[in-house]
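We number each residue from 1, following the sequence as shown. Numbering of ligands and ligand atoms starts at 1, following listing order.
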Amino acid sequence: MTEQLFQTNEEMQQALAKEITKHLSSAIRDRGRASLVLSGGSTPKRLFQILADCDLDWAKVWITLADDRWVDPDHKDSNEHLVNDNLLLNKARFATFIGLKTPADNPFDGANACHQKLQDIASQPFDVTLLGMGADGHTASLFPCAEELGKAVEGSNLVCQGVVPKTAPYQRMTLTLPVLLNSRALFLQIAGDDKKEVYKTACEPGDEAQMPIRYFIRQKRVPLQVYWAPKD
Ligand SMILES: O=C1O[C@H](COP(=O)(O)O)[C@@H](O)[C@H](O)[C@H]1O
């Protein structure tokens with residue numbers, strides 16, 4: 001695991017964009033294509049805007065989400081909406097985006113169709129996975145105390161799992177822990193002093209199910225690269 005602390009939020013966003021682009025470029029060079037798994041929330045918006053202008057053969061890049069709220073893709077709280085509005089523009093408009101939302105009424109009914117859509121992503125293991133973290137220690141939509149957490153971290157035949165958080169609004173779809181860890185590079189992007197404290201607590205001993213980010217901090221499969229900066 002590595003930790004990088006930046007003086008400003010912009011420095012972090014620029015550094016992370018450079019690092020992600022480097023991994024995607026190597027993947028394209030070595031395997032002819034690349035895959036990128038993104039998180040939503042407020043923290044990565046600027047990163048997406050920077051990435052949208054990065055020089056990369058975006059037509060060879062497949063993008064999906066670590067999780068999304070089960071709302072229409074044009075809803076203001078949809079992670080798909082965030083990606084559409086901030087990343088899939090300019091140079092990055094040639095990328096192939098596969099969202100998690102389906103027309104089903106809820107993520108449980110939508111799980112099979114979502115699983116099928118994700119089979120189309122052209123490069124697995126994922127080349128880059130970007131995680132965020134909530135104030136309750138959730139990451140992706142692996143929420144503490146959610147009934148579905150056990151299934152989502154143990155994995156099954158499905159790559160995704162419907163979740164009803166007890167600590168946040170909206171039903172969600174999340175990629176499962178084994179699928180998220182099936183990545184060549186894994187980044188955790190967090191901003192603000194409050195999140196730094198949550199992260200410090202997560203690094204201490206304690207139940208993983210209480211702070212699911214611990215599954216990623218403690219695993220040995222792929223080094224977790226932590227990027228932190230003030231909110232600005
Ligand atoms: O609910 C979510 O929140 C987390 C963190 O969001 P932020 O606003 O604190 O940056 C995010 O990682 C996750 O993808 C999203 O669904």
Between CD on residue Glu19 and CG on residue Leu130, distance to nearest 0.5 Å: 12.0 Å
Ligand 1 contacted by Ala66 (non-hydrogen, < 4.0 Å): no
Protein residue, atom and distance nearest to atom 10 (O) of ligand 1, heavy-atom basis: Thr43 OG1, 2.5 Å
Ligand 1 atoms in contact with Gly132 (distance to a heavy atom under 4.0 Å): 12 (O)
Residue Arg69 vicinity, atoms of ligand 1 by number, heavy atom under 4.0 Å: 1 (O), 2 (C), 15 (C), 16 (O)
Lys91 charged N/C atom sitting above Trp58 aromatic ring, 6.0 Å / 45°: no
Partners passing side chain to side chain contact (heavy atoms under 4.5 Å, CB included) against Ser183 (at least two apart in sequence or in another chain): Phe126, Thr129
His138 neighbourhood, listing ligand 1 atoms whose heavy-atom distance to it stays under 4.0 Å: 1 (O), 2 (C), 3 (O), 4 (C)
Parallel, tilted or perpendicular, as decided by the 30° and 60° cut-offs, for the rings of His23 and Phe187: perpendicular
Residue-ligand contact Gln189/ligand 1, heavy atom below 4.0 Å: no
Residues which pass side chain to side chain contact (heavy atoms under 4.5 Å, CB included) with Ala202, listed by chain and number, not counting sequence neighbours: Met211, Ile213, Arg214, Ile217
Residue-ligand contact Thr139/ligand 1, heavy atom below 4.0 Å: no
Asn79 neighbourhood, listing ligand 1 atoms whose heavy-atom distance to it stays under 4.0 Å: 14 (O), 16 (O)
Ligand-residue contact atoms, ligand 1 with Lys195, heavy atoms, under 4.0 Å: 7 (P), 9 (O)
Parallel, tilted or perpendicular: ring planes of Tyr170 versus His75, cut at 30 and 60 degrees: perpendicular
Verdict with reasoning, Lys101 to Met173, per side-chain contact (heavy atoms from CB on, under 4.5 Å): CA-CA 8 Å; Lys101 181 73 171 59; Met173 183 68 84; over 6 Å; no
Min N/O separation Ser141 to ligand 1 under 3.5 Å: no
Atom 11 (C) of ligand 1 [closest protein heavy-atom partner, distance rounded to 0.1 Å]: Gly40 O, 3.7 Å
Region of Met133 engaging ligand 1 - heavy atom pairs below 4.0 Å: backbone
Heavy-atom donor-acceptor pair, Thr139 side chain to Gly132 backbone, under 3.5 Å: yes
Residue, atom name and distance, where the atom is the protein heavy atom closest to atom 14 (O) of ligand 1: Asp67 OD1, 2.7 Å
Nearest-0.5 Å distance, CZ of residue Phe97 to CG of residue Leu87: 8.5 Å
Where ligand 1 meets Ser42 - atom numbers and elements under 4.0 angstrom, heavy-atom basis: 7 (P), 8 (O), 10 (O)
Geometric N/O contact Gly41 with ligand 1, under 3.5 angstrom: no
Residue pair Val37 / Val179, side-chain heavy-atom distance below 4.5 Å: no
